[in-house]
A.B. asks: 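One structure, pasted below without further comment.
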Amino acid sequence: MTITLSARFGFELDSPTSMLLQFEAAALPDQTIIEATTRITPAQDSNRVQAQDGIGERVWLHSTGKTEVEYNARLDIERRVSDLHRLSSVPVHALPGEAVQYLLDSRYCRADKYQALTANEFAGTTGGARIAAIRDWIGEHFTYAPGTSDVNTDATDTFIARAGICRDFAHVLVTLARASAIPARYVACFAPGVTPQDFHAVAQVFLADPEAPSQGKWHLVDATGMADLSKAAIIGVGRDAADVSFITSFGPMRFLYSSVDVSRSG
């Protein structure tokens, strides 16, 4: 399946400021970039660096004034999404080093507060069945409501409000998964079917690999239920949204606009 996507955003700076951007789809074994163009206006020097866990790239800019970014791409995505109910957990003591950090608390996801809740609310479930139960519970108890959260909203804020956007839903799922001793990380992506269309956020959980049960593998989960995960174009991953924001400013910034369009083209 070929996915066509475009993203545009702009920001303004009153003085020279360093910016870290991450907005391009990553080249991965299950998503091949057919063609892609990035245009930054006005043209300026930039420096590309590897992103978290080697998935995708970040772009350093040192800019002032108004800056606009335009990204267009076509990708071929061939991803098999496993049935969560059939996946077992990887014992904590057998986790690889790359997964261990995703058991720990992070800026927006304080999992230590939710161990008792997950043990009671999802009693009798383990592994992928636990994750499916958490996903479904979020879907039943939380309302997707743009404008109810901001960049400071963490998983506890969302848990109390029982409302948020994809970023918030992903933070709650990541938090409850970690509280269940299942590694979970935040995933920024482009995804067809998302309404309103925007940069989307889902999660990945580390569970058994169905093709090699003694090993582990990252599996995508969308707590909003909107995305077709088999066709989602992954941008990057992190402990939470702070690690994979499409724009991070190291000084005062005025965000001007953003628009995203994702469609299937074959």
Side-chain angles (χ1 to χ4, degrees), residues 4-28 31 33 35-75 101-102 106-109 146-147 149-155 157 164-168 170-171 174 185-191 194 196-204 232-262:
T4 300
L5 58 88
S6 66
R8 295 171 176 80
F9 57 93
F11 52 88
E12 193 166 27
L13 305 158
D14 290 332
S15 59
T17 302
S18 294
M19 312 290 296
L20 186 61
L21 312 179
Q22 189 171 2
F23 57 90
E24 300 166 328
L28 298 170
Q31 61 181 49
I33 299 173
E35 59 181 351
T37 59
T38 293
R39 183 171 62 188
I40 300 174
T41 308
Q44 52 194 282
D45 291 335
S46 62
N47 179 37
R48 290 177 173 271
V49 293
Q50 192 176 67
Q52 182 95 357
D53 292 357
I55 296 176
E57 291 184 330
R58 296 173 173 137
V59 180
W60 275 114
L61 296 180
H62 191 69
S63 183
T64 189
K66 182 179 180 180
T67 298
E68 296 181 287
V69 179
E70 179 178 353
Y71 172 64
N72 296 281
R74 286 198 306 127
L75 290 82
Q101 67 174 312
Y102 297 109
S106 58
R107 175 178 174 181
Y108 293 112
C109 302
S149 62
D150 57 31
V151 296
N152 297 310
T153 302
D154 65 12
D157 297 327
I165 58 173
C166 59
R167 169 190 183 276
D168 308 306
H171 281 156
V174 165
R185 63 189 185 187
Y186 183 98
V187 181
C189 65
F190 299 103
V194 173
Q197 189 59 257
D198 202 345
F199 291 98
H200 193 50
V202 298
Q204 279 184 328
I234 294 172
I235 299 170
V237 304
R239 295 165 297 176
D240 54 35
D243 285 343
V244 70
S245 173
F246 72 93
I247 178 169
T248 301
S249 175
F250 293 85
M253 175 199 72
R254 287 186 299 279
F255 184 72
L256 301 177
Y257 69 88
S258 70
S259 66
V260 171
D261 183 70
V262 185

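Note that the numbering runs from 1 along the sequence shown for the chain.
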A.B. asks: Spell out, as yes or no, whether a donor-acceptor pair under 3.5 Å connects the side chain of Asp240 to the backbone of Arg107.
C.D. replies: yes
A.B. asks: Does any part of the side chain of Phe246, heavy atoms only, come nearer than 4.5 Å to the side chain of Gln22, both counted from C-beta?
C.D. replies: no
A.B. asks: Mind listing the closest non-hydrogen atom pair of Asp168 and Gly164 along with its distance?
C.D. replies: OD2-CA, 3.3 Å
A.B. asks: Measure the shortest side-chain to side-chain distance between Thr17 and His62 over non-hydrogen atoms and say whether it is less than 4.5 angstrom.
C.D. replies: no
A.B. asks: Check for a donor-acceptor pair, side chain of Thr153 on one end and backbone N or O of Asp150 on the other, with a separation under 3.5 Å.
C.D. replies: yes
A.B. asks: Nearest 0.5 Å, please: how far is CG in Leu13 from CE in Met19?
C.D. replies: 5.0 Å
A.B. asks: Would you say the ring centroid of Tyr257 lies under 6.0 angstrom from that of Phe9?
C.D. replies: no
A.B. asks: For His171 and Ala241, work out which heavy atoms get closest and say how close.
C.D. replies: NE2-N, 3.1 Å
A.B. asks: Using a 4.5 Å cut-off on heavy atoms from C-beta on, say whether the side chain of Leu5 contacts that of Val260.
C.D. replies: no
A.B. asks: If the plane angle is over 60° it's perpendicular, under 30° parallel, otherwise tilted; pick one for Phe199 and Phe190.
C.D. replies: tilted
A.B. asks: Between Arg239 and Val174, what is the shortest heavy-atom contact and its length?
C.D. replies: O-CG1, 4.3 Å
A.B. asks: In the structure I gave you, are the side-chain heavy atoms of Ile247 and Phe11 within less than 4.5 Å of one another anywhere?
C.D. replies: yes
A.B. asks: Under the side-chain contact (heavy atoms from CB on, under 4.5 Å) rule, collect the residues that match up with Asp14, sequence neighbours excluded.
C.D. replies: Arg254
A.B. asks: Kindly indicate whether the side chain of Val237, heavy atoms from C-beta on, has any atom under 4.5 Å from the side chain of Val244.
C.D. replies: no
A.B. asks: Is it true that the side chains of Asp261 and Ser6 contain a donor and an acceptor less than 3.5 Å apart?
C.D. replies: no
A.B. asks: Once side-chain contact (heavy atoms from CB on, under 4.5 Å) is applied, do any residues pair with Thr4, and if so which ones, sequence neighbours excluded?
C.D. replies: Arg74, Ser263, Ser265
A.B. asks: Can you confirm whether Asp45 is buried at CG, in the sense that more than 12 heavy atoms of other residues, nucleotides or ligands lie under 6.0 Å from that atom?
C.D. replies: no
A.B. asks: Under 3.5 Å, is there a donor-acceptor pair between the side chain of Tyr102 and the main chain of Tyr186?
C.D. replies: no
A.B. asks: Between Ile55 and Ala26, what is the shortest heavy-atom contact and its length?
C.D. replies: CG2-CB, 4.0 Å
A.B. asks: State whether the side chain of Glu70 and the backbone N or O of Thr38 hold a donor-acceptor pair below 3.5 Å, judged by distance alone.
C.D. replies: no
A.B. asks: Do His200 and Arg167 have side chains that get closer than 4.5 Å, going by heavy atoms?
C.D. replies: no
A.B. asks: Any ion pair linking Asp53 and Arg185 (charged N to carboxylate O, less than 4.0 Å)?
C.D. replies: yes
A.B. asks: CG/Asp157 to OG/Ser149 distance, rounded to the nearest 0.5 angstrom?
C.D. replies: 9.0 Å
A.B. asks: Given side chains that start at C-beta, do those of Glu57 and Val59 come closer than 4.5 Å, heavy atoms only?
C.D. replies: no
A.B. asks: Go through the steps to decide whether Glu35 and Leu75 satisfy the test side-chain contact (heavy atoms from CB on, under 4.5 Å), and finish with yes or no.
C.D. replies: CA-CA 7 Å; Glu35 59 181 351; Leu75 290 82; over 6 Å; no
A.B. asks: What's the verdict on side-chain contact (heavy atoms from CB on, under 4.5 Å) for Cys166 and Val194, showing C-alpha distance, side-chain angles and the deciding distance?
C.D. replies: CA-CA 10 Å; Cys166 59; Val194 173; over 6 Å; no
A.B. asks: Applying side-chain contact (heavy atoms from CB on, under 4.5 Å) to Thr67 and Thr41, what does each step give before you reach the verdict?
C.D. replies: CA-CA 6 Å; Thr67 298; Thr41 308; over 6 Å; no
A.B. asks: So do the side chains of Arg8 and Ser258 get within less than 4.5 Å of each other, counting heavy atoms only?
C.D. replies: no
A.B. asks: Determine whether a donor-acceptor pair (N or O, by modelled atom type, separation under 3.5 Å) exists between the side chain of Gln44 and the backbone of Pro42.
C.D. replies: yes
A.B. asks: Given Arg58 and Glu24, is the salt bridge (Lys or Arg N to Asp or Glu O under 4.0 Å) satisfied, shown in steps?
C.D. replies: CA-CA 8 Å; Arg58 296 173 173 137; Glu24 300 166 328; over 6 Å; no
A.B. asks: Determine the interplanar angle of the Trp60 and Phe250 rings, folded into 0 to 90°, and report it as parallel if under 30°, tilted if 30 to 60°, perpendicular if over 60°.
C.D. replies: tilted
A.B. asks: How far apart are the C-alpha atoms of Ile235 and Phe23, what are their side-chain angles, what is the distance that settles it, and do they pass the side-chain contact (heavy atoms from CB on, under 4.5 Å) test?
C.D. replies: CA-CA 6 Å; Ile235 299 170; Phe23 57 90; 5.6 Å; no
